[in-house]
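Report on the following structure.
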Protein chains: 2
Amino acid sequence: MTTTRRPTRQQSAVIDALGSTQDFTSAQDLHAQLRESGEKVGLATVYRTLSTLADSGDVDVLRTGEGEAVYRKCSTGHHHHLLCRVCGRTVEVEGPTVERWTDAVAAEHGFTDVAHTLEIVGTCSSCH
Amino acid sequence: MTTTRRPTRQQSAVIDALGSTQDFTSAQDLHAQLRESGEKVGLATVYRTLSTLADSGDVDVLRTGEGEAVYRKCSTGHHHHLLCRVCGRTVEVEGPTVERWTDAVAAEHGFTDVAHTLEIVGTCSSCH
DNA sequence: CAGGAGATTGATAATGATTGTCAAAACATG
DNA sequence: CATGTTTTGACAATCATTATCAATCTCCTG
């Protein structure tokens, strides 16, 4: 029995907020974002909505190193971050290389619906 | 100032417990296991030891779908994980492609001492 | 349009893993 | 043995996430 889905203002708000970025975003962040933009959505509702969307496969979920769950609207191009460990400056980078590689490796092992996270840390030129 | 590592009974117990299996094991499980086998090790110590080992790269860490951290004795050098979002099965993958790409991209932006993390999630063949 | 069944919401409490605290214990060394 | 340092562990604190449950909203039907 599939859950009856009834569209609501709150759910749309969450979905829109998710769609406004291509990055993986945590439920907490989304909630803060919604509150800032004036939308009144309860934290529990944000979690519920994300969880439902994830179950139905409409969003990707994965876990950060800290164990926080992060979500992203499915199948849009995305980029990665190059982070300076000294000053915290970040640079967005992208390229088909990694995308292709992960897809290939996943397919090779019979995996489908693949998503990935990649973070690169280093020391930037000014901080060297 | 080299790593001030002082071997203790507790740390050895944690390492041994970890080594007794090839599966990813949670800190909580390890603690329970140690307690059962008579070793008295505090929970905080288990966490500290695992955290230290993970930092020094002697064990692998990743997160289950529920957000629990799980650890395993490292088998080889640097590799990545292909994680099934349904059953949690993991496959180790490695290859020079990503390493080269991250190094190249980092260098291109003037970054040095580069490190990276990459996690791939998907649905494995049995769970599809 | 009114009424009602069922779905949805949200404030708050509860949960559970992980981390912080800090005095006591274990060590190494002089 | 005295002393300074490291490690331990019981317990409190934190933080994301989930459960609760009364109030509210939606849609359907008469």
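Every chain is numbered from 1 and lettered A, B, ... according to where its sequence line falls, protein lines coming before strand lines.
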Worksheet item: Passes side-chain hydrogen bond (donor to acceptor under 3.5 Å, both in side chains), Thr25(B) versus Asp23(B)? Steps please.
Response: CA-CA 6 Å; Thr25(B) 317; Asp23(B) 288 331; over 6 Å; no

Item to complete: Decide side-chain hydrogen bond (donor to acceptor under 3.5 Å, both in side chains) for His79(B) and Asp60(B); before the verdict, give the C-alpha distance in whole Å, the side-chain angles of both, and the deciding distance to 0.1 Å.
Response: CA-CA 10 Å; His79(B) 57 258; Asp60(B) 276 334; 2.9 Å; yes

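With rounding to whole Å, Arg9(A) atom CZ is found 18 Å from dC27(D) atom C1'. Going from atom CG of Leu30(A) over to atom P of dT17(D) covers 11 Å, rounded to whole Å. In this entry the distance linking CG of Leu53(A) with P of dT8(C) reads 12 Å, nearest Å. Separating the CG atom of Asp55(A) from the C1' atom of dT18(D) is a distance of 14 Å, rounded to the nearest angstrom. In this structure, Lys40(B) places its NZ atom 14 Å from C1' of dT8(D), rounding to the nearest Å. What separates CD of Glu66(B) from P of dA19(D) is a distance of 12 Å, to the nearest Å. Distance Tyr71(A) OH to dT17(D) P: 6 Å, rounded to the nearest Å. In this structure, Glu68(A) places its CD atom 15 Å from P of dT18(C), rounding to the nearest Å.
For the ring-ring contact (aromatic ring centres under 6.0 Å, His included) condition, the pairs that include at least one residue of residues 21-41 of chain B, sequence neighbours left out, are Phe24(B)-His81(B).
Although no hydrogens or angles enter the test, the distance criterion places no donor-acceptor pair under 3.5 Å between the side chain of Thr123(A) and the main chain of Cys127(A).
Listed pair Thr8(B) / dT7(D) fails the phosphate criterion, with no side-chain N or O lying under 4.0 Å from OP1 or OP2. For the pair Gln10(A) and dG10(C), the criterion of a side-chain N or O lying under 4.0 Å from OP1 or OP2 is met. Within the 4.0 Å cut-off from OP1 or OP2 of dT19(C), not a single side-chain nitrogen or oxygen of Tyr47(B) is found.
In this model, a donor atom of one side chain and an acceptor atom of the other lie less than 3.5 Å apart for Thr45(A) and Arg48(A).
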Worksheet item: Which letters describe nucleotides 11-16 of chain C, given B = protein heavy atom under 4.0 Å from base, S = only from sugar-phosphate, - = neither?
Response: B-----

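Between Trp101(B) and His80(A), the ring planes are perpendicular. Angles over 60° get that label, and only those under 30° would be called parallel.
Salt bridge Arg63(B)/Glu119(B): absent, no basic N to carboxylate O contact under 4.0 Å.
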